[in-house]
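Worksheet: one structure, shown below.
Labels below follow one simple rule: chain letters A, B, ... track the order of the sequence lines, proteins then strands, and each chain is numbered from 1. The analysis underlying the following values was restricted to heavy atoms, covering all of them including side chains, and did not include hydrogens, waters or symmetry mates.
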2 protein chains.
Amino acid sequence: MPTVSSEELAAAAGVNSAKLRKDFSYLGSYGTRGVGYDVEYLVYQISRELGLTQDWPVVIVGIGNLGAALANYGGFASRGFRVAALIDADPAMAGKPVAGMPVQHTDDLEKIISENGVSIGVIATPAGAAQQVCDRLVAAGVTSILNFAPTVLSVPEGVDVRKVDLSIELQILAFHEQRKAGEEAAVAEAAAVVVPPVRPAANGRKGPDGDMPAVMPA
Amino acid sequence: MPTVSSEELAAAAGVNSAKLRKDFSYLGSYGTRGVGYDVEYLVYQISRELGLTQDWPVVIVGIGNLGAALANYGGFASRGFRVAALIDADPAMAGKPVAGMPVQHTDDLEKIISENGVSIGVIATPAGAAQQVCDRLVAAGVTSILNFAPTVLSVPEGVDVRKVDLSIELQILAFHEQRKAGEEAAVAEAAAVVVPPVRPAANGRKGPDGDMPAVMPA
DNA sequence: CCATCTTTGTGCACGCGTTCACAAAGACAT
DNA sequence: ATGTCTTTGTGAACGCGTGCACAAAGATGG
């Protein structure tokens with residue numbers, strides 16, 4: 001029986017082995033002392049806990065460049081997601097195949113949702129249409145929404161929304177890029193600009209966005 | 001002079017006002033007691049600290065659906081980013097306009113980077129090409145990379161990489177979706193499956209991914 | 001069957017971020 | 001000027017996650 005110890009896994013993942021064991025303990029206790037974890041069973045347990053063993057039908061609304069990119073994205077199928085339908089408001093798009101699947105018109109949104117038992121919707125429309133699409137998805141029974149449109153969606157209680165802002169990641173990179181340049185320049189320029197002293201920075205977070213400010217202007 | 005108090009901002013952002021003041025204090029101290037913060041100056045200070053006042057030329061490599069979507073994305077310009085060039089390995093793409101800008105061939109990658117002083121690169125290629133593109137970007141002087149390809153890139157010390165996995169957000173939604181369904185079903189099914197008891201969950205994090213496990217299978 | 005060795009599961013302590021609470025500071029009215 | 005009122009800036013306490021360290025558990029060999 002192939003097994004792994006928490007020590008091996010921790011080393012591979014770059015985390016503390018005690019934390020890893022503690023996390024696993026939340027899933028129940030099924031490691032064997034003196035041996036480790038049964039790999040196959042472990043994978044199954046985690047997969048089940050994460051919902052990877054289920055089939056999640058999703059709809060993608062707004063088949064522009066981004067919507068098409070998402071439809072073609074291979075990573076979904078391997079994680080238990082199935083693109084049930086592609087929906088767009090443009091009548092010219094209707095019937096046109098994208099990622100081997102015909103685009104359907106927004107008029108049929110409610111029907112598509114209910115017939116496929118869809119509970120997760122992806123919004124890749126322009127900002128202006130997002131809230132309206134969101135409202136219709138929710139009304140039709142969708143309870144989780146992944147929003148790529150640059151708008152904050154308002155939804156009723158019980159509906160989860162996650163917003164993906166493609167520029168935020170760039171923002172974070174630029175922030176660090178600036179600091180790289182800043183440290184060299186600070187000496188050379190003899191502090192031409194009044195820069196606040198280096199922050200405490202002795203926080204515990206190890207991630208690359210360790211000390212990004214939490215608030216930024218619109 | 002238009003001003004805002006930390007209390008107003010905190011309420012609007014949904015955070016604690018003391019934390020907000022403490023964060024601002026790291027940028028230096030420029031609020032006025034009894035009045036609040038000068039809005040215009042505050043915006044400028046934060047913008048400068050985040051690098052929004054600078055112009056960041058970026059290149060996008062891999063002009064498929066996703067690359068095109070990024071090139072057309074409006075949010076970049078308003079955050080100080082300027083798409084300096086679109087690069088693709090397909091000779092058939094060369095010269096073809098995307099987002100009002102001609103696609104250039106990978107052969108000229110190094111020249112484009114150096115001539116435009118690019119320090120941030122976006123990789124939107126298939127997984128197979130990502131590492132190779134990454135190596136060339138780094139060799140040409142890029143020190144920050146935003147990776148949309150489903151691969152872990154290895155880079156030398158001093159280069160920042162951020163990976164965006166479009167399916168991870170879906171994963172998180174599905175995880176919560178499962179728990180929603182689980183809580184109803186748990187009663188009905190009389191615990192047909194051995195499910196661990198509800199976690200402590202009394203952690204400080206308020207975000208929707210409050211208690212996602214940190215480790216997941218490939 | 002006992003001794004030893006490995007690895008899990010977890011109580012406990014440490015450290016860091018968050019929040020509270022208040023003194024200091026400035027505005028504004030009298 | 002002086003007092004009052006508002007809001008900042010920050011020291012101190014709290015709470016939570018993380019990591020240490022070890023007892024318990026099971027495997028393995030003699």
Exercise. Supply the atom-to-atom distance B:L170 CG to A:F81 CZ, rounded to the nearest 0.5 angstrom.
Key: 4.5 Å
Exercise. Mark yes or no for a side-chain to base donor-acceptor pair under 3.5 Å between B:K22 and C:dT19, with no hydrogen or angle criteria applied.
Key: yes
Self-check item: Length of the CE-P vector between A:M1 and C:dT7, whole Å
Solution: 13 Å
Self-check item: Which residues share a side-chain contact (heavy atoms from CB on, under 4.5 Å) with A:R21, sequence neighbours left out
Solution: A:S6, A:S17, A:A18, A:Y37
Exercise. If a pair satisfies salt bridge (Lys or Arg N to Asp or Glu O under 4.0 Å) and one of its residues is in residues 125-154 of chain A, list it, with sequence neighbours excluded.
Key: A:E110-A:R136
Tabulate atom names and distances for all N/O pairs under 3.5 angstrom spanning the protein and nucleotides 26-30 of chain C.
none

Self-check item: Of all pairs that satisfy salt bridge (Lys or Arg N to Asp or Glu O under 4.0 Å), the ones with a partner from residues 53-69 of chain B, not counting sequence neighbours
Solution: B:D55-B:R82
Exercise. Quick one: pull up CG in B:L27 and OG in B:S25 and give me the separation to the nearest 0.5 Å.
Key: 8.0 Å
Quiz item: Which residues in residues 3-12 of chain A have at least one heavy atom lying under 4.0 Å from any atom of DNA chain D?
Solution: none
Practice problem: Quick one: list whatever passes side-chain hydrogen bond (donor to acceptor under 3.5 Å, both in side chains) with B:T143, sequence neighbours left out. | Solution: A:E177
Quiz item: Between atom CG in A:L20 and atom P in C:dT7, what is the gap in whole Å?
Solution: 15 Å
Exercise. Output yes when at least one side-chain N/O atom of B:Y37 is less than 4.0 Å from OP1 or OP2 of D:dG9, else no.
Key: yes
Quiz item: Who pairs with B:Q45 by side-chain hydrogen bond (donor to acceptor under 3.5 Å, both in side chains), at least two apart in sequence or on another chain?
Solution: B:Y41, B:R48
Self-check item: Under-4.0 Å side-chain N/O to phosphate OP1/OP2 contact, B:K19 with C:dT18
Solution: yes
Practice problem: Output all residues satisfying side-chain hydrogen bond (donor to acceptor under 3.5 Å, both in side chains) with B:R33, sequence neighbours left out; order by chain, then residue number. | Solution: none
Quiz item: In whole Å, what is the span from the CZ atom of A:R21 to the P atom of D:dA21?
Solution: 13 Å
Quiz item: In whole Å, what is the span from the OH atom of B:Y26 to the C1' atom of C:dC16?
Solution: 11 Å
Exercise. Grab the CG-C1' distance between A:L27 and C:dG9 for me, whole Å please.
Key: 13 Å
Self-check item: Rounded interatomic separation in angstrom, taking CZ from A:F24 and C1' from C:dG9
Solution: 13 Å
Practice problem: State which residues pass side-chain hydrogen bond (donor to acceptor under 3.5 Å, both in side chains) with B:S167; sequence neighbours excluded, sorted by chain then number. | Solution: A:R79, B:D165
